[in-house]
Amino acid sequence: DYIHYNTMKMFVYGKDDFGTHISNDSTKIEFFLRFGSDENNYYEVREPVYEGWHGNNIEIDLVELSQIRFINKGVVYNDSLKTYTKYKGAGRYLVVKGKPALRNVRMLIGGVRNLGDTSFNGEVWMNELRLSNVKKDKGIAMRARLDFAWADLLRFNGEINKQDADFHNVATRFGNGDNKISGNFNTSVSLDKFLPSKLGLSIPVSLNYARSESTPKYMPGTDVQVTNALPDTTIKRIMTINEKRGMSVSLSFKSRSQSFVMKHLLSKFRASYSRNEGNGSNSRTRYSRTSSESGNVNWGIAFGRDNYVRPFKWLGTSRLFIKLSDMKLYFTPSSFSTKISGTRNSNQSETRSGVPSQNSAFNVNRSIAGQYKIFESFSVDYNRSYVNDLRGVPQDTLLSLLKQMKMGGLLTSVNQNFSIKYNPKLFSWLTNNISYSTGFKYGFNRQQRISARSATRNKTMNASGSFNLTN
């Protein structure tokens, strides 16, 4: 494993018995050193051999050697041999064949080539092959954060984080992570503070933004170290970039007024809207774009527990008619609520190999629910909900339907439930529970071509009782 070293060094000695191939300033003998996993995946260094030890000091930049097949400038590719060659000057060459890895060196071959036309008689020695210049890159991690608040009107917070790939804890010797930088910012404003307080409005608005960039220390799937020597297009292709931004706003009433309109009609009103967008890319995905919107309006009313009359109160408090005299008849429902909400999502992406992907969703949900307690022992519950799929509906059509208070698109779901509960208290020693419920469900899956529609109906009746014979 050579990955944690920057340099490989060795000495070479040359001697020519007849002085026909090697001299102090010229040579026809070339020394080569190959190392890699096998004969199809290796690094190779070629250097001329001169007389003696002087001038034969070989020093190999392992980082530069590993980057050759990703650099176009000054590199020649031989398609038949599947090799990348870079000329370093003065007869020195760096060669890469296949996809070798500095982490996986299982073969080491040294040899000599005679570049002349006649045979060579002499000696070539190699000595002190070694790895040197251990990687001791410093890694730094830092964080900065700001929180700001201006009473209850404005709030802001932001944070920036940066971490080098070589940052590591004391339990490890080297860092092999990513160079990361990220930041996120959030702010919220209470718009209701600019309006008269007697309106009782609450209108918070929030904005958020986040961005992160991550550059790996090594090319994905390789042990090629990422440095500025690599082309900008290559570095950008392997970076992981994510960017998100969004906003949200809501409206509600928070007044403690006891007026009928505020307490019963407006206090349960809620409305909200949010939108988020995102962009990203990484070594496998050329681009990814996402967007989402959601909004809902809720309204409900609770009528309280005092809206009743006692129709048989005139019977008095005699022991025979006391239960009938105390019976309460409620003239208003217990509660009523309605809700409409919509969500729209869109995703688009394309892989580095050119495979696109796109999907979207646009659903609107509507529901109503009510509860009516006619007597203390008799109550009725009802709820019904719809889901419409609005994918493919033109924007102009949507606006037209909205103005007409109509719902378009494709109805994909209907759910309805109705139940009755009766719990009479005829005697102190007897407890009765009687209930009846019925439900209906309809569904349509537009993704299916066979059995896309389904409908079910159910009915349930329960009756139970218990005796209490203790004094």
Side-chain angles (χ1 to χ4, degrees), residues 1-16 21-37 39 41-78 83-115 120 122-138 166 173-174 176 217-219 222-231:
D1 188 350
Y2 298 174
I3 194 67
H4 297 303
Y5 298 88
N6 288 312
T7 310
M8 175 185 284
K9 296 181 179 181
M10 67 180 304
F11 297 109
V12 175
Y13 172 83
K15 179 182 178 181
D16 188 346
H21 289 73
I22 297 178
S23 65
N24 291 329
D25 55 2
S26 65
T27 181
K28 297 178 182 179
I29 302 300
E30 180 184 74
F31 172 82
F32 69 87
L33 177 68
R34 291 179 184 174
F35 55 96
S37 57
E39 294 183 357
N41 300 276
Y42 61 79
Y43 298 106
E44 180 176 297
V45 180
R46 303 174 187 169
E47 296 213 10
V49 179
Y50 297 99
E51 184 74 23
W53 294 102
H54 181 70
N56 293 326
N57 184 17
I58 297 178
E59 187 169 325
I60 306 167
D61 188 333
L62 295 177
V63 175
E64 179 187 13
L65 182 62
S66 66
Q67 294 175 341
I68 286 178
R69 60 192 179 97
F70 296 97
I71 299 175
N72 296 324
K73 185 177 180 180
V75 176
V76 178
Y77 177 70
N78 188 314
T83 59
Y84 300 83
T85 303
K86 181 177 182 180
Y87 180 60
K88 297 288 291 178
R92 299 175 63 244
Y93 293 89
L94 300 178
V95 182
V96 176
K97 182 174 182 178
K99 296 181 179 179
L102 295 176
R103 291 184 181 274
N104 183 25
V105 178
R106 294 182 294 175
M107 177 190 74
L108 186 65
I109 299 175
V112 176
R113 289 191 182 93
N114 182 1
L115 305 179
F120 167 69
E123 300 177 7
V124 176
W125 294 73
M126 57 181 293
N127 190 27
E128 294 190 20
L129 176 63
R130 62 201 183 277
L131 295 168
S132 65
N133 195 7
V134 179
K135 292 181 179 179
K136 298 180 181 179
D137 299 325
K138 296 181 180 179
D166 293 293
R173 291 186 59 194
F174 304 99
N176 57 2
K217 183 177 181 179
Y218 299 99
M219 293 281 291
T222 73
D223 55 6
V224 178
Q225 187 171 342
V226 177
T227 66
N228 293 331
L230 294 174

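Between the Thr27 side chain and the Tyr50 main chain, no donor and acceptor come within less than 3.5 Å of each other. Between the Gln67 side chain and the Gln225 main chain, a donor and an acceptor come within less than 3.5 Å of each other. Side-chain atoms of Asn6 come within 3.5 Å of backbone N or O of Asn133 as a donor-acceptor pair.
Proximity of Val96 to Val75: side-chain heavy atoms (C-beta onward) are nowhere separated by under 4.5 Å. In this structure the side chain of Met219 reaches within 4.5 angstrom of the side chain of Leu230, judged on heavy atoms. Side-chain contact between Phe35 and Leu102: present, with at least one pair of heavy atoms (C-beta onward) separated by less than 4.5 Å. Here the side chains of Val45 and Tyr93 are not in contact, with every heavy-atom distance at 4.5 Å or above. When side chains are defined from C-beta on, Met107 counts as touching Glu39, because their heavy atoms get closer than 4.5 Å. Annotation: side chain of Ile60 is not in contact with side chain of Tyr43 (no heavy-atom distance under 4.5 Å). Using a 4.5 Å cut-off on side-chain heavy atoms (C-beta onward), Phe31 and Glu47 make no contact.
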| message | Could you go through Val112 and Val49, starting from their C-alpha distance and side-chain angles, then the distance that decides it, and tell me whether this counts as side chain to side chain contact (heavy atoms under 4.5 Å, CB included)? | response | CA-CA 9 Å; Val112 176; Val49 179; 5.9 Å; no
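The two residues Asp16 and Glu51 have their closest heavy-atom pair at N-OE1, 4.0 Å. The two residues Thr7 and Glu59 make their nearest non-hydrogen contact at CG2-CG, 3.4 Å. Heavy atoms only, all atoms of each residue included: Tyr218 and Val226 are closest at C-CG2, 3.9 Å. Asn57 and Met10 get closest at one heavy-atom pair: OD1-O, 3.4 Å. The shortest heavy-atom contact between Pro48 and Gly91 is CD-O, 3.4 Å. Smallest separation of non-hydrogen atoms from Lys99 and Asn41: N-OD1, 2.8 Å.
A salt bridge does not link Glu64 with Arg92: none of the charged nitrogens is closer than 4.0 Å to a carboxylate oxygen.
For the atom pair CG (Asn114) and CD (Glu30), the distance works out to 10.5 Å, reported to the nearest 0.5 Å. One distance of note links OG1 of Thr83 with CZ of Arg69; it measures 13.0 Å at 0.5 Å rounding. Expressed to the nearest 0.5 Å, how far NZ of Lys15 lies from CD1 of Ile22 amounts to 11.0 Å. Atoms CG and CZ, on Leu129 and Phe11 in that order, are 11.5 Å from each other to the nearest 0.5 Å. With rounding to the nearest 0.5 Å, the separation of CZ in Phe70 from OG1 in Thr222 is 5.0 Å. Once rounded to the nearest 0.5 Å, the distance linking OH of Tyr42 with NZ of Lys97 reads 4.5 Å.
Between Tyr13 and Trp53, the ring planes are tilted. Angles from 30° to 60° get that label. Ring geometry, His21 versus Phe120: the interplanar angle exceeds 60°, so the pair is classed perpendicular (tilted spans 30 to 60°).
Remark: of the listed residues Ile29, Asn127, Leu33, Val124, Val124 is the sole one forming a side chain to side chain contact (heavy atoms under 4.5 Å, CB included) with Val12.
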